[in-house]
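Note on naming: letters A, B, ... go to the chains in the order of the sequence lines (proteins, then strands), and numbering restarts at 1 for each one.
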2 protein chains.
Amino acid sequence: MSPPLSGETPRRRPPGMTDVARLAGVSQKTVSRVVNNERYVSDEVREKVLRAARELGFRPNTAARALITGRFRRIGVVSLGTALYGPASLQVALERATRAAGVSVTVANTAEGQPGAVAEAIEWLLQQGVDAVVISEPIDEGEPVDVDTDVPIYSLGQGQGLPEARNLLPGEFNRHASREAVEHLLDLGHARVRHLAGPGKWYAARERAQGWRDAHEARGIEPPPLLEGDWSPAAGYRAGLELLRDPDVTAVACANDDMAIGLVRAFAEAGRAVPEQVSVTGFDDIPAAAYLTPPLTTVRQQFEADAVRALGAVLRRLPGAPADAPEAEPRTDGRARSLVVRASTAPPPNRLKGEPGKDAR
Amino acid sequence: MSPPLSGETPRRRPPGMTDVARLAGVSQKTVSRVVNNERYVSDEVREKVLRAARELGFRPNTAARALITGRFRRIGVVSLGTALYGPASLQVALERATRAAGVSVTVANTAEGQPGAVAEAIEWLLQQGVDAVVISEPIDEGEPVDVDTDVPIYSLGQGQGLPEARNLLPGEFNRHASREAVEHLLDLGHARVRHLAGPGKWYAARERAQGWRDAHEARGIEPPPLLEGDWSPAAGYRAGLELLRDPDVTAVACANDDMAIGLVRAFAEAGRAVPEQVSVTGFDDIPAAAYLTPPLTTVRQQFEADAVRALGAVLRRLPGAPADAPEAEPRTDGRARSLVVRASTAPPPNRLKGEPGKDAR
DNA sequence: GTTGCACATGACAACGTAGTCAGAACCTGG
DNA sequence: CCAGGTTCTGACTACGTTGTCATGTGCAAC
């Protein structure tokens with residue numbers, strides 16, 4: 001059969017287990033058993049039921065099932081409603097991992113910048129009926145998320161005022177990877193590295209900024225002033241204009257690739273060549289990063305792996321878990337190397353020949 | 001109250017209308033009326049009920065509601081599971097427009113490249129219970145989508161074997177905008193324009209290719225051979241290498257910005273300057289487009305507006321529409337100008353001075 | 001004072017499924 | 001042969017809500 005003739009058809013009642021049961025000559029309960037793959041159904045009956053179900057185009061009614069079981073086999077994902085590469089990748093990865101487990105995903109984007117937008121999005125999801133909520137890009141709205149519900153709320157990163165156990169991803173990755181990028185620059189011989197951070201309310205932005213501080217402090221260097229942008233290329237461009245006024249800047253670590261793009265552009269327009277005069281790093285490794293002019297040194301993220309690992313924890317707790325399940329999952333160390341060195345970084349201009357710092361490690 | 005102590009709590013039964021009714025001293029049916037904003041409830045009772053509901057933290061059970069009404073107030077969106085800027089933007093816009101109407105969105109990403117993946121995703125959504133399905137990026141899998149259901153299936157673009165009425169967006173936009181970009185190049189004096197298309201199975205890619213052909217044919221020019229990529233910068237780079245072997249190439253129109261980035265890179269590495277020796281256009285106007293080297297001439301898409309308009313049609317038909325509702329909605333002409341001219345396009349190298357073609361129109 | 005209608009509320013059934021329990025059919029071992 | 005289990009099946013009910021219908025109340029028109 002194909003789609004119906006018109007959009008406004010009365011839409012007849014879809015077949016239910018009762019219809020299948022009648023056709024197969026068994027009880028509704030038996031159909032239920034077959035559909036749910038329960039034990040104690042003879043192969044013969046199972047076959048008969050499946051045939052009947054196929055013939056009628058039967059699809060179990062999830063509403064009825066959810067009503068009686070009290071569980072929806074659906075999770076809610078709160079996303080920030082941007083088409084940013086990182087969040088978008090994460091969301092796709094989340095859906096994949098989830099569907100594989102027979103769980104569906106309902107998304108809710110937060111209204112940008114609105115205070116309480118996250119709580120609002122969570123409330124919306126709870127009203128839709130979900131077994132768990134995952135906050136995809138945790139941000140700090142000032143007050144902790146506080147919703148009256150028994151539905152577990154998780155966060156893909158630190159913060160949100162949730163108990164630590166609800167943090168599905170180690171914050172260390174951002175911090176450590178960011179530090180690694182900065183150390184790469186310091187190793188090249190740069191005296192200090194400027195940092196163009198993401199919005200301060202994003203925990204991911206804070207962690208990357210902290211990694212940048214770590215790198216300096218580990219060498220006893222006072223970190224220079226921090227710049228902040230909103231992840232956009234435009235913000236990177238503005239930050240670039242700002243930095244151009246300081247002739248001493250030789251290296252900038254950006255909190256994402258998009259801002260790095262804008263920043264590089266500002267330098268290019270001003271005739272400050274990258275990487276000859278100024279080195280720039282990004283974060284994310286967007287697909288275009290390798291093809292920019294110059295190709296961008298950046299940090300690769302592992303969204304797919306992160307999502308799978310994170311969701312493992314969520315899904316395991318859905319069905320009414322064994323309570324003594326192995327709480328401590330592998331949690332990959334978060335310190336895996338992931339810096340991708342390309343052509344946007346080089347030794348600073350004044351140290352001309354030789355490769356100082358290369359042996360500094 | 002805050003989240004519960006532990007993830008594995010027994011999760012007590014959430015309050016229902018019966019509980020609210022008991023507390024408010026009315027019947028359960030009256031609670032239902034208040035919750036659904038029905039007429040014929042005295043202000044006094046309404047107040048009492050709302051207070052009780054608030055006190056108990058009552059949230060209506062959508063499963064029970066869906067069970068009896070047969071409608072879920074939820075739509076399914078089939079997405080291609082890429083973090084591409086276009087699709088990601090569309091998805092965000094869809095969710096926004098939908099939530100504003102009190103309808104939630106469940107996403108299903110197709111398994112890349114698998115035949116029948118779209119039908120599979122639709123089937124999954126139908127099993128979850130949705131009132132309509134929207135295919136976000138229509139592609140041609142060879143055989144038309146054919147699912148046995150009364151749930152309406154729409155497509156954000158031509159194709160998919162669905163009846164024309166199910167096409168929510170005019171294909172003209174892609175075709176016309178692409179033509180416009182090519183005409184811009186021809187007007188600059190380029191003799192012919194190469195085209196780096198998206199995958200042939202994407203209808204959007206076909207439409208953009210057609211627009212490119214249109215532009216040539218309108219001037220009686222035989223369009224040169226078509227190149228095809230997979231939307232990725234890497235594909236653009238490979239196409240660039242290919243084109244480098246032809247010294248006569250002076251202009252390339254790419255079907256999206258990412259491929260344009262890769263292509264520009266290939267030319268840059270080979271010393272063929274953009275735009276001095278070769279002009280390049282993109283499509284989408286990703287945020288980074290204005291900050292690339294050189295800034296990219298491209299076509300701006302209006303995802304938000306498209307999504308709102310498209311969903312208007314879907315949502316209007318959900319509740320059991322008036323049947324004689326104004327079927328013909330504005331359908332903005334799809335020919336709105338949207339070319340954003342930046343620095344990646346210029347007259348061809350051999351015609352040095354003067355600006356030929358500028359008056360060709 | 002009765003009729004009629006708008007307003008306000010509640011009792012009851014129904015939606016399609018899964019849980020509970022009972023019972024039938026069939027074994028196995030004594 | 002029966003006791004006691006395992007396998008298989010169905011009748012009945014509950015889940016939390018909305019739809020239907022009945023009932024009651026107040027007020028205006030006759």
In whole angstrom, what separates [X]'s [atom1] from [N]'s [atom2]?
| X | N | atom1 | atom2 | answer |
| --- | --- | --- | --- | --- |
| B/Leu56 | D/dG16 | CG | C1' | 15 Å |
| A/Asn61 | C/dC15 | CG | P | 12 Å |
| A/Leu67 | D/dA14 | CG | P | 13 Å |
| B/Gln128 | C/dT17 | CD | C1' | 16 Å |
| B/Arg73 | D/dT17 | CZ | P | 16 Å |
| B/Phe72 | D/dT17 | CZ | P | 16 Å |
| B/Glu47 | C/dA8 | CD | P | 15 Å |
| A/Arg22 | C/dG16 | CZ | P | 11 Å |

Please name the pair of heavy atoms, one in B/Ala88 and one in A/Ala88, separated by the smallest distance, quoted to 0.1 Å.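 The answer is CB-CB, 4.1 Å.
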With a 4.0 Å cutoff (strictly under), does any side-chain N or O of [X] reach OP1 or OP2 of [N]?
| X | N | answer |
| --- | --- | --- |
| B/Arg13 | D/dG16 | yes |
| A/Thr30 | D/dG10 | yes |
| B/Tyr40 | C/dA8 | no |

Roughly how far, to the nearest 0.5 Å, is the CZ atom of B/Arg74 from the CG atom of B/Leu125?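 If I round to the nearest 0.5 Å, the distance is 9.5 Å.
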Out of curiosity, A/Ile139 CD1 to A/Leu80 CG, how far, rounded to the nearest 0.5 Å?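 Here the rounded value is 5.0 Å.
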Candidate list B/Thr149, B/Ile122, B/Val314, test side-chain contact (heavy atoms from CB on, under 4.5 Å), partner B/Val133, passing option: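 Filter result, single survivor: B/Ile122.
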side-chain contact (heavy atoms from CB on, under 4.5 Å), paired with B/Val49, selected from B/Val41, B/Val35, B/Val26: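 Going through B/Val41, B/Val35, B/Val26 one by one, the side-chain contact (heavy atoms from CB on, under 4.5 Å) with B/Val49 is satisfied by B/Val26 alone.
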On DNA chain D, compare the nucleotides closest to B/Pro15 and A/Val26; which residue's is nearer the 5' end?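 By nearest-heavy-atom nucleotide position, the 5'-most residue is A/Val26.
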Determine, for nucleotides 18-25 of chain D in 5'-to-3' order, which nucleotides have protein heavy atoms under 4.0 Å from the base (write B), from only the sugar-phosphate (write S), or from neither (write -). BBB-----
Let me test you: for the helix from C/dG1-D/dC30 to C/dG30-D/dC1, what is the angle between the axes at its two ends (five pairs each), rounded to 10 degrees?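 For the helix from C/dG1-D/dC30 to C/dG30-D/dC1, the axes at either end differ by 40°.
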Are [X] and [Y] close enough that some pair of their side-chain heavy atoms sits under 4.5 Å apart?
| X | Y | result |
| --- | --- | --- |
| B/Thr106 | A/Ser104 | yes |
| B/Asn61 | B/Arg65 | no |
| B/Arg59 | A/Val151 | no |

Mind running side-chain contact (heavy atoms from CB on, under 4.5 Å) on B/Thr82 and A/Val92 for me, showing each step along the way? CA-CA 7 Å; B/Thr82 60; A/Val92 169; over 6 Å; no
